[in-house]
Chemist: 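Handing you this structure, nothing more for now.
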Protein chains: 2
Amino acid sequence: MPGQPRNSRTSEESRNSRIQRQVMQLIIDRRLRAGALLPTEAELMEDLGVSRNSVREALKALQALDIVEIRHGYGTYVGEASLTPLIDGLTFRTLARHDHDDSAALAEILQVREVLEEGLIRRVAATVTEAELDRLEAVVSRMEAAGRAGRAFPDLDRAFHELLYASLGNDLVPQLLAAFWTVFRRVNGARGRPDDPSPELTARWHRDIVTALRTGDVEGAQQAMAVHFRGIEARARRLG
Amino acid sequence: MPGQPRNSRTSEESRNSRIQRQVMQLIIDRRLRAGALLPTEAELMEDLGVSRNSVREALKALQALDIVEIRHGYGTYVGEASLTPLIDGLTFRTLARHDHDDSAALAEILQVREVLEEGLIRRVAATVTEAELDRLEAVVSRMEAAGRAGRAFPDLDRAFHELLYASLGNDLVPQLLAAFWTVFRRVNGARGRPDDPSPELTARWHRDIVTALRTGDVEGAQQAMAVHFRGIEARARRLG
DNA sequence: TAAGATTTGTACGTATGTATT
DNA sequence: CAATACATACGTACAAATCTT
């Protein structure tokens, strides 16, 4: 039986991590933007003095972090450094929770979303423009149409929350919320749970949010957002 | 000059991604916990019918996501699926922002932390126990001692915020906050900025938070947290 | 202490698939 | 269509690290 893994090797960095760092540093030093072409594997081999395998393994690791993007037969590009790794990691660890069922993990994600959105909506209420409210209202109208037809509207839901926080000028916020939203949806999908049991109710929650924002009612907007999340939580508990 | 990258290949999944999925599925199916030993590379080669290089590249990608952990000469283990990839990705993309200076990116991260902590502290106020408050107070006392000596105390700061949200029973929250905290610190470190120009002031902010929690003052606790973040933002602006 | 077995790390060669010119 | 450039995949050999005996 193998013993506990040791925590040796604090002195020296592994070669693979070193190559990863060097490639990242290369991107930073050369001021390459997302989409820019990176040196070929052969050039990296030569520049870094390592074999093709080592280069490829490092690039694969960076690809998993969305720091580079590899295109077969074309080349390696600087990636978007999106939150894709967060989505993959959270999805995996939720699905791999064997000790408890996954509803606890989903509740954790939902609580983070809830705190974020209830806090952010107050700031949105102060900065949102009429034009943005019009766009939000258009999305809600489409939600209501889908709801009357009994159809779920995950894409509209996602678009609403993304549009809602666009006025903050904080690019991280919509990406982070979208990541949590995607994990929530993927896990539920993998578990074969239904998408949205009551689309009309969901549409009304969003309508109430826009209405409160339109009248400049900060408290009301936060309250409407809270109601929205209470509803999602109630559904999750029912399915749990 | 190469044109825009195409978005072909939606039909078939790349071999490497397939192997990654298969390894993740293997962990889920066999109900392996973090720390459990995975099949050796040779076994995976055989089971999945691919070469060693392909197995290794897939494992390297999963290692970057902290889904597996590879130990030279020992074996491959199931990883913690921590938020390390988020830290790496956010740090990289902040340092790689060439269009704007990084202060804008740091302000975005700070805003997320701020909204989260100001919302969460209200829930903490309702659930925190006397024993937890005692531990928090002990940390603050050490902060004040360090502050009087003019020393910065990043570890105590981190421990405080981690301890603060332990009572929520939401494991994701402290991990997420720690991730943002680490990115913030790493980027500032890479830019050669000072750690904490006024430790005594920082200690006082934390003292005020505990004091408000002790008296059960929800509004006061949120207010104290807000003051804390206003202070951090003011410092960041001064350095910007 | 030392030798051997197991496992991962690195390197090289070759063939194939894919996109550009 | 042909030629070129590049990434992808496989196989093999050996080095390095770790555990067992």
Side-chain angles (χ1 to χ4, degrees), chain A residues 1-23 26 32 35-64 66-79, chain B residues 1-23 26-27 32 35-79:
Chain A
M1 189 170 60
Q4 284 299 318
R6 309 274 176 78
N7 242 351
S8 61
R9 165 177 302 293
T10 54
S11 56
E12 199 183 344
E13 188 183 19
S14 85
R15 186 190 214 104
N16 208 283
S17 318
R18 193 197 72 209
I19 301 174
Q20 291 180 35
R21 263 198 320 99
Q22 285 173 314
V23 173
L26 183 150
L32 300 179
L37 197 54
L38 250 60
T40 67
E41 294 181 354
E43 287 173 307
L44 288 175
M45 285 172 60
E46 184 130 0
D47 292 354
L48 308 180
V50 294
S51 78
R52 171 172 257 106
N53 266 346
S54 301
V55 169
R56 285 182 59 76
E57 287 173 9
L59 289 179
K60 286 292 180 182
L62 291 178
Q63 184 184 37
D66 197 24
I67 286 177
V68 309
E69 193 182 341
I70 306 175
R71 288 181 183 272
H72 189 154
Y74 201 78
T76 305
Y77 295 83
V78 178
Chain B
M1 191 168 60
Q4 282 300 317
R6 307 273 178 76
N7 244 351
S8 61
R9 164 175 306 291
T10 53
S11 56
E12 197 183 345
E13 189 183 20
S14 85
R15 160 141 29 206
N16 208 283
S17 318
R18 195 198 69 210
I19 301 174
Q20 291 179 36
R21 265 197 320 99
Q22 286 173 312
V23 173
L26 182 150
I27 295 172
L32 301 179
L37 199 52
L38 249 60
T40 66
E41 294 178 356
E43 288 173 309
L44 288 174
M45 284 171 61
E46 184 130 359
D47 291 354
L48 307 180
V50 294
S51 77
R52 175 134 182 254
N53 276 344
S54 300
V55 168
R56 285 183 58 78
E57 286 173 10
L59 289 179
K60 286 292 178 183
L62 292 178
Q63 184 184 38
L65 298 175
D66 197 24
I67 287 176
V68 308
E69 191 182 342
I70 307 175
R71 288 179 183 273
H72 188 166
Y74 201 80
T76 305
Y77 296 83
V78 178

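Naming: A, B, ... by sequence-line order, numbering from 1 per chain. When reading the values below, keep in mind they use all heavy atoms of this one structure, side chains included, and skip hydrogens, waters and symmetry mates.
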Chemist: Please report, rounded to the nearest Å, how far the P atom of dA9(D) is from the CD atom of Gln20(B).
Modeler: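 Nearest whole value for this atom pair: 11 Å.
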
Chemist: Rounded to whole Å, how long is the line connecting atom CZ of Arg71(A) with atom P of dA19(C)?
Modeler: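 Value for this atom pair: 10 Å.
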
Chemist: Looking at Ala64(A) and Ala64(B), what are the two nearest heavy atoms and their distance?
Modeler: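 Distance-wise, the nearest heavy atoms are CB-CB, 4.3 Å.
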
Chemist: Tell me, please, which residues at least two apart from Gln22(B) pass side chain to side chain contact (heavy atoms under 4.5 Å, CB included).
Modeler: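 Result, side chain to side chain contact (heavy atoms under 4.5 Å, CB included) vs Gln22(B): Arg18(B), Ile19(B), Leu48(B).
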
Chemist: Look at Arg56(A) and dT8(D) and indicate whether a side-chain polar atom (N or O) is within less than 4.0 Å of OP1 or OP2.
Modeler: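 It does, given that an N or O in the side chain of Arg56(A) lies less than 4.0 Å from OP1 or OP2 of dT8(D).
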
Chemist: State which residues pass side chain to side chain contact (heavy atoms under 4.5 Å, CB included) with Ala36(B); sequence neighbours excluded, sorted by chain then number.
Modeler: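 Ala36(B): side chain to side chain contact (heavy atoms under 4.5 Å, CB included) contacts with Leu32(B), Val78(B).
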
Chemist: Given side chain to side chain contact (heavy atoms under 4.5 Å, CB included), test Ile67(A) with Val23(A) step by step and report yes or no.
Modeler: CA-CA 10 Å; Ile67(A) 286 177; Val23(A) 173; over 6 Å; no

Chemist: What is the separation between atom CG on Leu59(A) and atom C1' on dT8(D), rounded to the nearest whole Å?
Modeler: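 After rounding, the reported distance stands at 13 Å.
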
Chemist: Specify the separation, in whole Å, of atom OH of Tyr74(A) and atom C1' of dT21(C).
Modeler: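 So the two atoms are 12 Å apart, to the nearest Å.
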
Chemist: Applying side chain to side chain contact (heavy atoms under 4.5 Å, CB included), name anything that partners Gln63(B), two or more places apart in sequence or on another chain.
Modeler: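 Here the qualifying residues are Lys60(B), Val68(B), Ile70(B).
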
Chemist: Who pairs with Glu46(B) by side chain to side chain contact (heavy atoms under 4.5 Å, CB included), at least two apart in sequence or on another chain?
Modeler: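 Scan of Glu46(B) (side chain to side chain contact (heavy atoms under 4.5 Å, CB included), adjacent residues dropped) gives none.
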
Chemist: What is the bend of the helix from dA2(C)-dT21(D) to dT21(C)-dA2(D) when you compare the axis at one end with the axis at the other, using five pairs each and rounding to 10°?
Modeler: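 Rounded to the nearest 10 degrees, the bend comes out at 10°.
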
Chemist: What's the separation between atom CZ in Arg56(B) and atom OG in Ser54(A), rounded to the nearest 0.5 Å?
Modeler: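 Spacing of CZ (Arg56(B)) from OG (Ser54(A)) equals 8.0 Å.
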
Chemist: Please tell me which of the listed nucleotides, dC19(D), dT10(C), dA7(D), lies nearest to the side chain of Glu57(A)?
Modeler: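 The nucleotide sitting nearest to the side chain is dT10(C).
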
Chemist: Side chains of Leu59(A) and Leu44(A): does their closest heavy-atom pair fall under 4.5 Å?
Modeler: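 With C-beta onward as the side chain, the pair touches.
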
Chemist: Please report, rounded to the nearest Å, how far the P atom of dA16(D) is from the NE2 atom of His72(B).
Modeler: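 After rounding, the gap between these two atoms is 9 Å.
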
Chemist: To the nearest Å, how far apart are Ile70(B) CD1 and dT7(C) C1'?
Modeler: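 The distance from CD1 of Ile70(B) to C1' of dT7(C) comes to 12 Å, rounded to the nearest Å.
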
Chemist: Between P on dA7(D) and CD on Gln63(A), what's the gap in Å once rounded to a whole number?
Modeler: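 Going from CD in Gln63(A) over to P in dA7(D) covers 12 Å.
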
Chemist: Which is it for Glu43(A) and Thr40(A) under the side chain to side chain contact (heavy atoms under 4.5 Å, CB included) test, yes or no, and what are the steps along the way?
Modeler: CA-CA 5 Å; Glu43(A) 287 173 307; Thr40(A) 67; 3.4 Å; yes

Chemist: For DNA chain C, which residues of residues 43-54 of chain B approach it to below 4.0 angstrom with any heavy atom?
Modeler: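 Hits under 4.0 Å, by residue number: Arg52(B).
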
Chemist: In whole angstrom, what separates Tyr77(B)'s OH from dT18(D)'s P?
Modeler: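 Between P of dT18(D) and OH of Tyr77(B): 11 Å.
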
